[in-house]
Amino acid sequence: MNRQRVVIVAVALAVIGAIVPIAAMLYVSWNLAVRSEQDRLELFAERAITRANRSFAEARLVLFTIADSGVEPCSPDHIARMRLAVFDSRAVEEMGYFENRLLRCTSWGVTEGAVEQAGADYVTPDGIAVTIRIQPAVSGGKPMMALHHRNYNVLVDPLRFVDVILDEDITLAIVGANGTLVSALNAPNPALIKSIIAAPRTGIDENNLFAVARRDGWLAIATAPRTGMRKDLRRQQMMLLPVGAFIAAFIVGIVYWLSKKRLSPLGELTLAVQNREFIVHYQPIVALKTHICVGAEALVRWRRPDGSIVRPDLFIPLAEESGLILPITDQVIQAVVSDLGKLLVADRGLHIAINLSVSDLKTGRFLSVIENALDHTGIHNEQIWLEMTERGLMDIESARETITAARARGHMVAIDDFGTGYSSLQYLQGLPLDALKIDKTFIDTVGRDTATSSVTPHIIDMARTLSLVAVAEGVKTKEQADSLAALGVAFGQGWFFARPLPLEEFIAFYHQSKQQYGASPDVLPRMPAYGTVP
């Protein structure tokens, strides 16, 4: 009996000793998984509010801008302005003008029939009346959100307020200031969303995990199915059961790390565009005969929130493939104007070269972006050079049309990395170019006895024959710079002069070159007649 009692007690203590730590480990694992998932959902909810604020602010700007335009209501010019404002805005789908609460005209044209102004669901602190759901009377289509100020309203697609990248298992809803659902993504459960709107909270029920974020009058709700978390949790628990406390702590860390699912590269790049994480470095361009800095090439860099820099070759191909290169180009243009506007106005001989993508050349959309960026800055169009690679010339007709339009506005146009792509003498003769940038692979042969060393002088002679300004890329030595100057090359850039520099270092380099080599005349090459294409 004593032996049996000892065995029973030992077994009981062994079972308790095994169950208690395992049960505690399972409990901790469960809570960590839930909290981690809720943190993930809260992150997406915060992103939704950020997106909603940006869309609302953009629509508000369009509304206030047109309301203050002072143009005769419903005149052709007025309708054209409204149409252009809608076209230039990603958020606004349609715009209308009211008199005595009746719609007189929209961005589509003059309105026929009596269309009354819809009542407001709520009014923002700055006086904008918001109608959550309204059916467009002129264009038809799906219901829109309406923002009304003075005699104007704008219609915004509700999906603009939840235009964020989600993991496939997450649903999202955005709610206005009056507690009305504005828009949703990935079809969230209506009953669950209604319940959370009535009592905003972060939590878990028998089917779902959910989290909320509240800011600036918005309520964002993100949900995910609980079953997906359970499956992952069971796998983690099976890993934790056979191990001791030390291994258990390690596994919990892995679980926590795994629960924070990383965004795809495209998702990270999209967020970088939305968060304006791109900066510009400037590689000086110098006059080879005087060594005075006459300009720079604007080179985009991706600076992550932690301060690390991503090389362009790691994100530019993805940006071009996805179409994100277009907003990146816009941010580069805005950065150049913001960074160097005063310097460009003070020195009319200074120019900045901006690289264009294949998509830019096909559409020409960047021209209006540059025009808007330069408006009221005092910067001359000819101080903004536009550079394209030979790959961008594969669609020769689109490229010719875009280049012609750019030069008609006064911009200098250069072909970049010449000799490494697809262009030929026929391309150069057929395109209205101003400058030719010789690729560094040819510059490396200057002064050396190599099989290709004779090619560089021929390229320079060809540029001279076609009346193109020659710019040497990748100049590494003084001997190269002197030889290129003797051959008639106007400008050069490369590490012999300076690497690509952050803004403050470039400005310092520019002033130092002025002080060291003396004030320079206006060495900026001009087209034969400003604003015309020869």
### Query
Out of curiosity, Leu431 CG to Arg407 CZ, how far, rounded to the nearest 0.5 Å?
10.5 Å
### Query
Strictly by modelled atom types, are Gln334 and Arg276 linked by a side-chain donor-acceptor pair under 3.5 Å?
yes
### Separation between CG of Leu185 and CD1 of Ile170, rounded to the nearest 0.5 Å
10.5 Å
### Task
Examine Arg214 relative to Trp218 and say whether NZ or CZ is less than 6.0 Å from the centre of the six-membered ring and inside a 45° cone about the ring axis.
no
### Ring centre gap for Tyr152 and His78 strictly below 6.0 Å
yes
### Summary
Rounded to the nearest 0.5 Å, the OG1 atom of Thr377 sits from the NZ atom of Lys342 at a distance of 12.5 Å
#### Entry: Contacts of Asn189 that satisfy side-chain hydrogen bond (donor to acceptor under 3.5 Å, both in side chains) - sequence neighbours left out
none
### Query
With distance as the sole criterion, is a donor-acceptor pair present between the side chains of Ser36 and Asp39 under 3.5 Å?
no
### Query
Do we get Arg60 above Phe64's six-membered ring, with its NZ or CZ under 6.0 Å from the centre and within 45° of the axis?
yes
### Message
Between Glu58 and Ser89, do the side chains contain a donor N or O and an acceptor N or O under 3.5 Å apart?
### Response
yes
#### Entry: Short side-chain to backbone donor-acceptor contact, Gln38 and Gly203, under 3.5 Å
yes
### Message
I'd like to know if the side chain of Lys437 pairs up with that of Gln493 as donor and acceptor (distance under 3.5 Å, no hydrogens or angles considered).
### Response
yes
### Query
Between CD of Gln331 and CG of Leu326, what distance do you get to the nearest 0.5 Å?
11.5 Å
### Aromatic ring proximity Phe506/His281, centre distance under 6.0 Å
no
### Message
Does this structure show an ion pair linking Lys362 with Glu397, if we count only N-O contacts that are shorter than 4.0 Å?
### Response
no
### Message
Hydrogens and angles aside, do Gln383 and Arg348 bring a side-chain donor and acceptor to less than 3.5 Å of each other?
### Response
yes
### Check: Asn153/Gln117 side-chain N/O donor and acceptor closer than 3.5 Å
no
